[in-house]
Amino acid sequence: AQSVAQPEDQVNVAEGNPLTVKCTYSVSGNPYLFWYVQYPNRGLQFLLKYITGDNLVKGSYGFEAEFNKSQTSFHLKKPSALVSDSALYFCAVRDYRGSGNTGKLIFGQGTTLQVKP
Amino acid sequence: GAGVSQSPSNKVTEKGKDVELRCDPISGHTALYWYRQSLGQGLEFLIYFQGNSAPDKSGLPSDRFSAERTGGSVSTLTIQRTQQEDSAVYLCASSPRGSGGAGDTQYFGPGTRLTVL
């Protein structure tokens, strides 16, 4: 079965420092990977995705993610964190069945990012 | 352009009552998804519509839950005889294509917060 793991419930960083939010996945077919961010009392906002091609994907708000096939990881990164980056981050993978990709996304449990001034 | 909209934003109901939640997808998107976000279960898939195909109902937790999509656009999620464990945020998303567009981004609405007393 397809799955996504976000091993850290919370990540704390100081403003201006680099940040990493970890994600590992397990999928039978080609991995289609996504990162979303959720601010309090808001829906999910799309940050970036990996479909194919370059392993380093750049997205919104200065975020990027590195796809690593051998480690089955898709960690979210940002060179310099802002206090306004504090939010809940979700990694997701497109579900795959024997006949191909299904419509749904399978989400990790989420990681709360806390950036302190 | 307009994003995904959902109504109501908040719904408080009594145990045993029926509720209807509405989703307006992005115009032209053929695929529509319902997810549920709760503290204990994280983000879980409920149901998925793609064009005129039969919906994927594999995520519906019980037969008290149903959904329809009229005219390939607006969708309504109905919960009959609500229970306290139904309390959650119900999120709707849409994408240009469904399983045929595995790399398509799903865009989420702001959600409906359902509280069952």
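Residue numbering restarts at 1 for every chain, and letters A, B, ... go by the order of the sequence lines. Basis for what follows: all heavy atoms, side chains included, without hydrogens, waters or symmetry-related copies.
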* Asked: Can you tell which of A:Y50, A:F63, A:F67 makes a side chain to side chain contact (heavy atoms under 4.5 Å, CB included) with A:V57?
  -> A:Y50
* Mind running salt bridge (Lys or Arg N to Asp or Glu O under 4.0 Å) on A:K77 and A:E66 for me, showing each step along the way? => CA-CA 8 Å; A:K77 300 181 180 183; A:E66 186 169 9; 3.5 Å; yes
* Would you tell me whether A:Q38 and B:Q37 have side-chain atoms, one donor and one acceptor, within less than 3.5 Å of each other? => yes
* Would you tell me whether A:Q2 and A:S28 have side-chain atoms, one donor and one acceptor, within less than 3.5 Å of each other? => yes
* Asked: So which residues of residues 110-117 of chain B are in contact with chain A at a heavy-atom cut-off of under 4.5 Å?
  -> B:P110, B:R113
* Asked: Which residue pairs pass the disulfide (SG to SG under 2.5 Å) test with at least one member in residues 5-37 of chain B, sequence neighbours excluded?
  -> B:C23-B:C92
* Side chain, backbone, both or neither: which part of B:Q6 has an atom under 4.5 Å from a heavy atom of chain A? -> neither
* **Between B:S95 and B:Y33: side-chain donor-acceptor atoms closer than 3.5 Å** => yes
* **A:L48, part contacting chain B, at a heavy-atom distance under 4.5 Å** => neither
* Side chain, backbone, both or neither of A:L33 within contact of chain B (heavy atoms, under 4.5 Å) -> neither
* Where does B:L91 contact chain A at under 4.5 Å (heavy atoms): side chain, backbone, both or neither? -> side chain
* Proximity breakdown for A:F90 and chain B, heavy-atom pairs closer than 4.5 Å -> side chain
* Backbone N or O of A:S73 within a donor-acceptor pair of the A:T24 side chain at under 3.5 Å? -> no
* **Interchain contact, A:Q45 with chain B, by part (heavy-atom threshold 4.5 Å)** => neither
* To do: Select all residues of residues 7-17 of chain B having any heavy atom within less than 4.5 Å of some heavy atom of chain A, and report them by number, or 'none'.
  => none
* Asked: Quick one: do the B:T76 and B:E68 side chains pair a donor with an acceptor below 3.5 Å?
  -> no
* Structure fact -> Note: B:A67 and B:I47 closest approach over all heavy atoms is CB-CD1, 3.9 Å
* Who in residues 77-88 of chain B is close to chain A, using a strict under-4.5 Å heavy-atom cut-off? -> none
* Return yes when atom CZ of B:R64 has more than 12 non-hydrogen atoms of other residues, nucleotides or ligands closer than 6.0 Å, and no otherwise. => yes
* Asked: Are a donor atom and an acceptor atom from the side chains of A:Q10 and A:N12 found within less than 3.5 Å of each other?
  -> yes
